[in-house]
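Atom set for the values below is all heavy atoms of this structure, side chains included, hydrogens, waters and symmetry mates excluded.
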Amino acid sequence: MTATNTFQQPPFKPADVLDATIMGNEQTMYGLFDHLRANDPVAWVEHPEYRPFWSLSRHDDIKNIGSRNDEFLSAPRTVLIPEAFEQALTEKFGTPNGLDTLIHMDRPKHLKLRKVTREWFLPRSIESLTAEVQALSKEFVDKMEDMGDECDFVKDISLRFPLRIILSILGLPREAEDTMLTLTQEMFGGQDPSLQRGDNELGGLAVLNDFNDFFTEVIAERKKTPQDDLATVLANAQVDGEPMNVLDQMSYFIITASAGHDTTSAVIGGGMKALLEHPEQMALWRQRPDLDINASKELMRWVSPVRHMVRTATSDLELRGKHIKAGDNIALWYPAANRDPEHFDQPNRLDLQRDPKQHIAFGYGSHMCLGQHLATLEVSCFFRELLPRLKDMKFKDDPEWIKAIFVGGLKSMPVKYQLS
């Protein structure tokens, strides 16, 4: 693959950001964002199934609005979902988001609940997990070796490795892996026919109900028998001197168990694909272990698994000649920001020596991902174990992407390989 990729440029329109087929394909997604950045970086989007919103595709605009958390709110609309599903969630949970997790909250509640687990995700706490993450990295590379000379790198390895780690932190048994993986894929893959449960909003509600049933048992058990794990912290958490609200508690469990592995899985899977397509960068990383952190963050920029978040303006503003009114919703497209040629030199070239602080794959401002340090450790440890042992790897079949507009990545990537 050449160092300066160009992406497909059909006659795109702003509403194509809501097309899971376009957004579930690397070529067409980045082609769409290239088109929007060049022609309509502050685009008004109308669609018969969604409430209207503004769509931003320039890095500086997205970072600016993402950092002004008191002026551009996460509630009441945090993610783009069909209006019919919003109504179903509102009827059941009292909110169009269904879940009221950290990503859906504003100050002061957001800061209060973020503090509940902050100590667990600080750099010093994550550093204490290094030996465990290294051991699991070896376990999964050994698994590749035991499988012979081929596997589905996504289904067999990248989906499972971060899941094993977050369940360990939560204190949940390995027997829970299949349940958590299925529910996570059904929740984030709700627009993908091969992953969704049912073909309407009832399937999404059923997924949330199953999450609720699973974690209700966990909460009851950890209240009865506390342990030294994150599940115990969440089950017994207090906010303002009172037990955490039941819905907040359940939402916290769900977002930790799902987003706590899904995005990192996408980075490892998509990152492996990128390294195969940029063999000179794989060779560089193999020779330069000091690049581990830089390289991991470049893979995060490259994959940008969280496609968007929505903010609501609290006052009128002018942006690139467009008048955004108070109460308007604004979608921030992170993959578009992370491939903006006005901000990144040769953005469609994987460069493991790129400044690692420039990407905003984890968001920006007070809502920057709580698990970013854990994700960096997982990615760096995994490739530090794999690359010295990897003699050769090739695609066996074409990789397949999840059809999604919120959180996305590879669904399948069959490969053939040789390990030393």
Side-chain angles (χ1 to χ4, degrees), residues 23-24 26 29-30 121 126 129 133-134 136-137 140-141 152-166 169 181 184-185 188-189 255-256 258-278 281-282 285 291-309 333-339 344 347-352 354 356-364 368-387 390 393 399-402 404 406-413 415:
M23 295 293 290
E26 186 180 37
M29 180 180 73
Y30 284 115
F121 293 103
I126 297 305
L129 298 172
V133 175
Q134 288 174 336
L136 285 173
S137 298
F140 275 85
V141 177
D152 188 313
F153 186 82
V154 171
K155 293 181 179 180
D156 297 325
I157 306 299
S158 70
L159 283 178
R160 296 282 178 171
F161 168 63
L163 176 61
R164 178 77 52 82
I165 293 170
I166 195 63
I169 293 172
L181 180 58
T184 299
Q185 290 185 314
F188 290 141
I255 198 69
T256 302
S258 57
H261 71 89
D262 189 76
T263 52
T264 310
S265 297
V267 171
I268 293 175
M272 188 72 252
K273 177 178 180 291
L275 290 170
L276 292 176
E277 294 169 337
H278 296 79
Q281 292 297 300
M282 187 190 298
W285 195 353
L291 287 177
D292 281 353
I293 301 302
N294 265 52
S296 298
K297 292 184 177 181
E298 171 66 352
L299 295 186
M300 292 167 187
R301 178 195 74 88
W302 186 264
V303 177
S304 295
V306 177
R307 304 302 194 216
H308 78 271
M309 290 290 178
W333 295 99
Y334 300 114
N338 284 331
R339 298 286 183 100
F344 296 98
N348 295 321
R349 178 182 183 274
L350 188 72
D351 181 1
L352 303 185
R354 196 185 299 275
K357 297 186 294 296
Q358 295 303 307
H359 82 84
I360 53 174
F362 286 115
Y364 199 76
M368 185 174 285
C369 178
L370 195 61
Q372 61 177 307
H373 303 298
L374 175 60
T376 302
L377 175 66
E378 291 171 350
V379 175
S380 61
C381 283
F382 179 80
F383 282 105
R384 177 51 34 215
E385 177 67 30
L386 174 64
L387 294 182
L390 187 64
M393 181 181 284
E400 186 179 359
W401 295 84
I402 297 171
F406 175 38
V407 178
L410 286 170
K411 180 164 50 180
S412 173
M413 189 173 76
V415 293

For [X], check side chain to side chain contact (heavy atoms under 4.5 Å, CB included) against everything at least two apart and list the hits.
X: Ser265; value: Leu159, Pro162, His261
X: Asn294; value: Leu291, Pro356
X: Ala375; value: Thr264, Met300, Phe362

Could you tell me which residues satisfy ring-ring contact (aromatic ring centres under 6.0 Å, His included) with [X], sequence neighbours excluded, listed by chain and number?
X: Phe140; result: Phe161
X: Trp401; result: none
X: Tyr334; result: none
X: Phe121; result: none

> Is there any side chain to side chain donor-acceptor pair (under 3.5 Å) pair reaching into residues 154-163, and which pairs are they, with sequence neighbours excluded?
Replying inline: Arg160-Asp178
List in chain and number order the residues that pass salt bridge (charged side-chain N to carboxylate O under 4.0 Å, His left out) with [X], two or more places apart in sequence or in another chain; answer none if no residue qualifies.
X: Lys297; answer: none
X: Asp292; answer: Arg384
X: Asp351; answer: Arg349
X: Arg307; answer: none

>> With a 3.5 Å distance limit and no angle check, can you tell me whether Gln281 reaches the backbone of Leu352 through a side-chain donor-acceptor pair?
In response: yes
